[in-house]
2 protein chains.
Amino acid sequence: MSDHVTPQTLPSDKPNTMQSTVDDVIRRDIADAIFDQRMPPGTKLSEARLGDLYDVSRTVVRKALFRLASDKLVDLRPNRGAIVARPTIAEARQVFEARRLIESAMLEHSVPNMTADQHGVLHDLVAADSAAHDSHDRQRMIRASGDFHRGLAAMSSNQVLCGFLDQLIGRTSLIIAMYQSHTSAACSHHAHDELLKVIEQADVAGAQRAMRRHLHECEDQLQLTDTQHANPLAQMLDASHGRN
Amino acid sequence: MSDHVTPQTLPSDKPNTMQSTVDDVIRRDIADAIFDQRMPPGTKLSEARLGDLYDVSRTVVRKALFRLASDKLVDLRPNRGAIVARPTIAEARQVFEARRLIESAMLEHSVPNMTADQHGVLHDLVAADSAAHDSHDRQRMIRASGDFHRGLAAMSSNQVLCGFLDQLIGRTSLIIAMYQSHTSAACSHHAHDELLKVIEQADVAGAQRAMRRHLHECEDQLQLTDTQHANPLAQMLDASHGRN
DNA sequence: TAAGGTCGAATCGTATCCAATTTAATGCCG
DNA sequence: CGGCATTAAATTGGATACGATTCGACCTTA
């Protein structure tokens, strides 16, 4: 029961400024666990087990799982339960392509109209990113990198695209957790620093180029070859070795 | 209980070729009703009432409503029930902007690699669009126009963007149903015809220009001025007059 | 008469219960 | 000894029940 995190005293870094419902807590906890690689792709998410952990009924767990499924973070198989999603290589490529499209387009509107305060926010996010890199904590790195892109997106005037991008960033975190090569970092924080410099110069075209290049680099740093990952057999053997 | 329509024999134009779950039927029925303006924005969607109509429990109705909410077609207000969404003018503009971005980008990949079969499919869709226009049936027009864009999107290689666009097309149908000026048609099918011609010439840049212009025209044909619609007071008075 | 409060009906949120399906295990047979 | 059918446990899908919240009507009162 209480040998894990206590759901009432949830993250403690997330003060419930607004009404935080229980299913949102579960949803966020699972998402964080996925991003932190504590829940590798394919992990089964039993409704009863989760309900037991959070001391709620399966009804609310189902709601959380349903929402995670709509965010493409878990896969809901009829009559067979929920597992954390295993994005394919093709899907990963498409996610990056979509991100290049959306994020570069957002810059077109946000870069010229950016205030000094917003520049400061981005500086803080880059600083957090650098700190994460220095800590050599892969989870923090993934998180910080996503936060930078999210913060940049929040400065766009288009909430619709922002919502799409939010989903894409979450999927990217899962993709990185799944396909990262053990040698490379998630996103080179240096790229974020460079990008911010160009943004501050109000150079739209340059920022767009930098963004596209950055995302291309991120994609190239992943192991998106069909060996290993495309083979479910190796995965299962890995899982059994890891005593999942 | 069974004093209303029988849910088993409801669509009759939708034979359950594939496994059609009940909640999907409800979801699609509600979506169609929204697009056909049989359910104006703001209409309350009572769980018990819907469950009665389809002879299912509230559980499955909730699932359908939840999914409609994730597609931004209904608004789920805590403890206050679900209503069909009332997209704001700003949201409408953002949806069109997002569509311009995504649809023109999709053309970049799909136009050069299009087969003759796919051209044929598009021809059929344009024909259906023209037929809908000739029938002077506004609902059919909205539907056919959306089907053309959907069919075009299906020819893209990027399923992720395709999913986003699917959602945007649905939201557009709702926006058109809400903001259309009574004088103008939904989308001029002539534009679809022109667009198809340019596509068949494998002119990517031209197709992108035509697509952006077409979507701009659609947006301009709507009444996205802040009179009437932006004012919630007038809306409420309208609603009470309409005895909604 | 209008403003405010109280009560009741309706509706939503969640827990619990039961049926249906899947999954794993055991035993049987070739 | 390996493959397959039968059976039992576990898990999901859906229905029902009950507490909580909201909305509307009626009543009271200044």
Side-chain angles (χ1 to χ4, degrees), chain A residues 1 7-8 10 16 18-30 39 42-70 74-85 232 236 239-240 243-244, chain B residues 1-2 4 6-8 10 16 18-30 39 42-70 74-86 232 235-237 239-244:
Chain A
M1 308 291 175
Q8 283 81 1
L10 39 113
N16 46 2
M18 29 183 350
Q19 193 143 344
S20 62
T21 58
V22 186
D23 63 295
D24 257 0
V25 174
I26 298 177
R27 181 181 62 83
R28 187 172 297 266
D29 278 359
I30 294 178
M39 280 187 183
T43 304
K44 189 157 196 301
L45 298 170
S46 163
E47 298 176 0
R49 209 68 57 89
L50 285 169
D52 215 18
L53 279 175
Y54 286 90
D55 201 29
V56 292
S57 86
R58 282 173 43 214
T59 309
V60 49
V61 174
R62 283 175 71 98
K63 195 192 297 187
L65 290 177
F66 207 81
R67 200 159 154 191
L68 286 165
S70 76
V74 315
D75 192 13
L76 239 51
R77 305 163 304 173
N79 278 317
R80 298 189 55 208
I83 60 173
V84 359
M236 288 170 66
S240 62
R243 208 205 69 73
N244 176 21
Chain B
M1 310 289 180
S2 56
H4 268 106
T6 56
Q8 285 79 2
L10 48 98
N16 46 0
M18 50 186 323
Q19 191 143 343
S20 61
T21 57
V22 186
D23 62 295
D24 257 0
V25 174
I26 298 178
R27 182 181 63 82
R28 189 173 296 266
D29 279 0
I30 293 179
M39 280 186 182
T43 305
K44 189 158 195 304
L45 298 171
S46 164
E47 297 177 1
R49 208 68 58 90
L50 286 169
D52 259 1
L53 279 175
Y54 286 90
D55 201 31
V56 292
S57 86
R58 282 173 42 215
T59 308
V60 48
V61 175
R62 281 176 73 94
K63 196 192 297 190
L65 290 177
F66 210 82
R67 199 158 156 190
L68 286 165
S70 76
V74 316
D75 192 13
L76 239 52
R77 306 163 305 173
N79 277 320
R80 298 188 56 209
I83 61 173
V84 359
R86 292 192 67 263
Q235 284 261 335
M236 288 170 66
L237 290 173
S240 60
H241 264 267
R243 208 205 68 74
N244 179 20

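Quick note on labels: first sequence line is chain A, next is B, and so on, each numbered from 1.
Per the geometry, CG belonging to B:Asp52 stands 13 Å off C1' belonging to D:dA15, to the nearest Å. Taking atom CG of B:Leu76 as the reference point, atom C1' of D:dT21 lies 16 Å away to the nearest angstrom. D:dT12 atom C1' lies 15 Å from atom CD1 of A:Ile83, rounded to whole Å.
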Write out a two-atom table: protein N or O, nucleotide N or O from nucleotides 11-17 of chain C, distance below 3.5 Å.
unit_1	atom_1	unit_2	atom_2	d
C:dT11	OP1	B:Arg49	NH2	3.1
C:dC12	O3'	B:Asn79	N	3.4
C:dG13	OP1	B:Asn79	N	3.3
C:dG13	OP2	B:Arg62	NH1	2.7
C:dG13	OP2	B:Arg62	NH2	3.3
C:dG13	N7	B:Arg58	NH2	2.9
C:dG13	O6	B:Arg58	NH1	3.3
C:dT14	OP2	A:Lys63	NZ	2.8
C:dA15	OP2	A:Ser57	N	2.9
C:dA15	OP2	A:Ser57	OG	2.5
C:dA15	N7	A:Thr59	OG1	3.1

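Contact check for B:Ile30 versus B:Leu65: side-chain heavy atoms found under the 4.5 Å cut-off. Contact of the A:Tyr54 side chain with the A:Asp29 side chain is registered, since non-hydrogen atoms from C-beta on lie closer than 4.5 Å.
Checking A:Val22, A:Leu68, A:Thr21 one by one against A:Arg27, the side chain to side chain contact (heavy atoms under 4.5 Å, CB included) holds for a single residue, A:Leu68.
The side-chain hydrogen bond (donor to acceptor under 3.5 Å, both in side chains) test applied to B:Asp75 returns no partner, not counting sequence neighbours. Residues that satisfy the side-chain contact (heavy atoms from CB on, under 4.5 Å) test with B:Arg62, not counting sequence neighbours, are A:Lys63, B:Glu47, B:Arg58.
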